[in-house]
Amino acid sequence: MSQPDQSFDNHAKLLPVFHGSLASMIMVPMFYFVFLAVTDFTVERLVLAFFMLGAVSMGLHARLFPLGVQDRLIRLEEQMRLHRLLPEDQHGRIDDISTDLLIGLRFAPDDEVADLARRILEGDLADRKAVKQAVKNWRADNQRI
């Protein structure tokens, strides 16, 4: 099955089952148990509220930890790509590019990377969104989580 062309406007990945259904299934009971613990306090309701807060925290961390690992992998991939594509005299500045900016840079094709990296290092592009918007020919990333 062919994936649609990716661009700045449609590259965000939302999973309806995860971001809608599962999040609601855990957030609604959490708010309910916290509400019960506050409005009609009992130790049992407080324990349920803490349990639900812990479950929500675990759910958030179960999503955030893999994203952190993914960001580190993207940083490594982009640093290696910059070493391959930038002139040798600029290799010492690759570490000056933040992980956030490298994540934006991953959508740039090889022929645009050197110019975008120069603009980042000069301070013309200061955040991930600006880097993504500066990409002319979007390089899709269909393997992200």
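In terms of heavy atoms, Phe33 sits closest to Leu48 at CE2-CD1, 3.7 Å. Residues Pro29 and Ser24 come closest through the heavy atom pair CD-O, 3.9 Å. Between Gly104 and Val131, the shortest heavy-atom distance links the atoms C-CG1, 3.5 Å. Nearest heavy-atom pair across His61 and Ser57 is ND1-O, 2.7 Å. Scanning both residues, Ala126 and Ala130, for their nearest heavy atoms gives N-CB, 4.4 Å.
Atom CZ of Phe41 has more than 12 heavy atoms from other residues, nucleotides or ligands within 6.0 Å. Within a 6.0 Å radius of CD in Glu122, other residues, nucleotides and ligands contribute more than 12 heavy atoms.
Leu53 and Val28 end up in different hydrophobic clusters when Ile, Leu, Val, Met, Phe, Trp and Tyr side chains are linked at under 4.5 Å. If you chain together hydrophobic residues whose side chains sit under 4.5 Å apart, Leu102 and Ile74 never meet in one group. In the hydrophobic clustering of this structure, Val47 does not group with Phe35; members are Ile, Leu, Val, Met, Phe, Trp, Tyr whose side-chain heavy atoms approach within less than 4.5 Å, directly or through other members. Under the 4.5 Å side-chain heavy-atom criterion for ILVMFWY residues, no single connected hydrophobic cluster contains both Met58 and Met30. Under a hydrophobic-cluster definition in which Ile, Leu, Val, Met, Phe, Trp and Tyr are linked whenever side-chain heavy atoms come within less than 4.5 Å, directly or via other members, Leu85 and Met80 are assigned to different clusters.
Proximity of Arg118 to Leu121: side-chain heavy atoms (C-beta onward) are nowhere separated by under 4.5 Å. Residues Ile103 and Ser98 have side chains not in contact (no heavy-atom distance under 4.5 Å, counting atoms from C-beta outward). Looking only at side-chain heavy atoms (C-beta outward), Glu112 and Asn137 come within less than 4.5 Å of each other. The shortest distance between side-chain heavy atoms of Phe65 and Val69 does not fall below 4.5 Å. Using a 4.5 Å cut-off on side-chain heavy atoms (C-beta onward), Phe31 and Met52 make no contact.
Rounding to the nearest 0.5 Å places CZ of Arg93 at 11.0 Å from CD1 of Ile120. The distance from the CG atom of Leu101 to the CZ atom of Arg119 is 12.0 Å, given to the nearest 0.5 Å. Rounding to the nearest 0.5 angstrom, the gap separating the CD1 atom in Ile26 from the CG atom in Leu60 is 9.0 Å. Distance check, rounded to the nearest 0.5 Å: CZ of Arg128 to CG of Leu105 gives 12.0 Å.
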Margin query: As a quick check of understanding, evaluate side-chain contact (heavy atoms from CB on, under 4.5 Å) for Val113 and Leu82, giving each step before the final call.
Written below: CA-CA 8 Å; Val113 167; Leu82 289 174; 3.1 Å; yes
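Applying side chain to side chain contact (heavy atoms under 4.5 Å, CB included) to Arg106 and the options Arg139, Lys132, Glu77 leaves one that passes, Arg139.
A perpendicular orientation is assigned to the rings of His83 and His91, their planes being inclined by more than 60° (bins at 30° and 60°).
Note on Arg81 versus Glu78: salt bridge recorded, some NZ/NE/NH1/NH2 to OD/OE distance being below 4.0 Å.
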